[in-house]
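Structure, as structure tokens:
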Amino acid sequence: PNLQLPGGKTIGSELAMLQYIGRKYPALAGESDDDFLASQELLHQAEELYQKLTKWCPTVMAQDKSPEDFKVFWTGSDTNTHSAAQGLLVYLSQFEGFLAKCGAGQDKFTTTGTTVGELKLFATLFLVQLVDPKLALPDGLAAFMKAW
């Protein structure tokens with residue numbers, strides 16, 4: 001994707017676009033320090049999950065990926081592994097725990113529920129659900145997705 005800015009400049013990185021939007025519209029970055037930090041955590045953790053999803057998930061454009069490796073990632077629930085080896089279920093559990101820790105409500109991580117970090121998490125979880133619509137998200141994440 002590319003974001004064309006006034007004056008002709010272009011931003012070509014998704015994370016840079018989201019950071020720019022948060023700078024231009026401070027409520028999207030997080031209205032308080034706590035919201036800003038929660039948004040940043042979500043932005044980067046959701047990107048980490050996205051990178052693993054694209055690394056392991058076979059697609060029409062990358063059919064040569066190992067189904068076995070994908071299955072290990074998709075069903076991975078061992079929380080005692082290095083983050084480089086964490087599976088999808090570990091990420092979902094961590095996001096669910098972070099939702100509760102943030103204490104902003106049952107379906108949002110920040111007071112507004114519409115920060116760039118929450119947007120990135122929504123987009124990433126949407127992709128996860130496209131891969132497997134039957135995958136049950138934890139209750140809080142399911143409420144978060146429904147709220148969007």
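Inter-residue side-chain proximity for Leu28 and Leu18 is flagged as unmet; no heavy-atom pair is nearer than 4.5 Å.
Residues meeting the side-chain contact (heavy atoms from CB on, under 4.5 Å) test with Thr79, sequence neighbours left out: Val90. Thr75 meets the side-chain contact (heavy atoms from CB on, under 4.5 Å) test with Lys71; sequence neighbours excluded. Under the side chain to side chain donor-acceptor pair (under 3.5 Å) criterion, Ser66 pairs with Glu68, not counting sequence neighbours. For the salt bridge (Lys or Arg N to Asp or Glu O under 4.0 Å) test, no residue two or more places apart in sequence or in another chain qualifies with Glu31. By the side-chain contact (heavy atoms from CB on, under 4.5 Å) test, Asp139 is found to be paired with Glu96, residues two or more places apart in sequence or in another chain being considered. By the side-chain contact (heavy atoms from CB on, under 4.5 Å) test, Thr115 pairs with Ser39, Thr110, Thr112, Glu118, sequence neighbours left out. Listed by chain and number, the residues in a side chain to side chain donor-acceptor pair (under 3.5 Å) with Lys52 are Tyr91 (sequence neighbours excluded).
Clustering of Ile, Leu, Val, Met, Phe, Trp and Tyr side chains at separations under 4.5 Å places Leu37 together with Phe36.
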Counting only pairs under 3.5 Å, give me each side-chain donor-acceptor contact of residues 53-65, with atom names and distances, residues two or more places apart or in other chains.
| residue | atom | partner | partner atom | Å |
| --- | --- | --- | --- | --- |
| Thr54 | OG1 | Tyr50 | O | 3.3 |
| Thr54 | OG1 | Gln51 | O | 3.0 |
| Thr59 | OG1 | Met61 | N | 3.2 |
| Thr59 | OG1 | Ala62 | N | 3.0 |
| Gln63 | NE2 | Val60 | O | 3.0 |
| Lys65 | NZ | Thr54 | O | 2.2 |

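No close placement of the Phe95 and Phe109 rings is indicated, their centers lying 6.0 Å or farther apart.
Residue pairs meeting the side-chain hydrogen bond (donor to acceptor under 3.5 Å, both in side chains) criterion with at least one member in residues 2-22, sequence neighbours excluded, are Gln4-Thr10, Glu14-Lys120, Gln19-Gln40.
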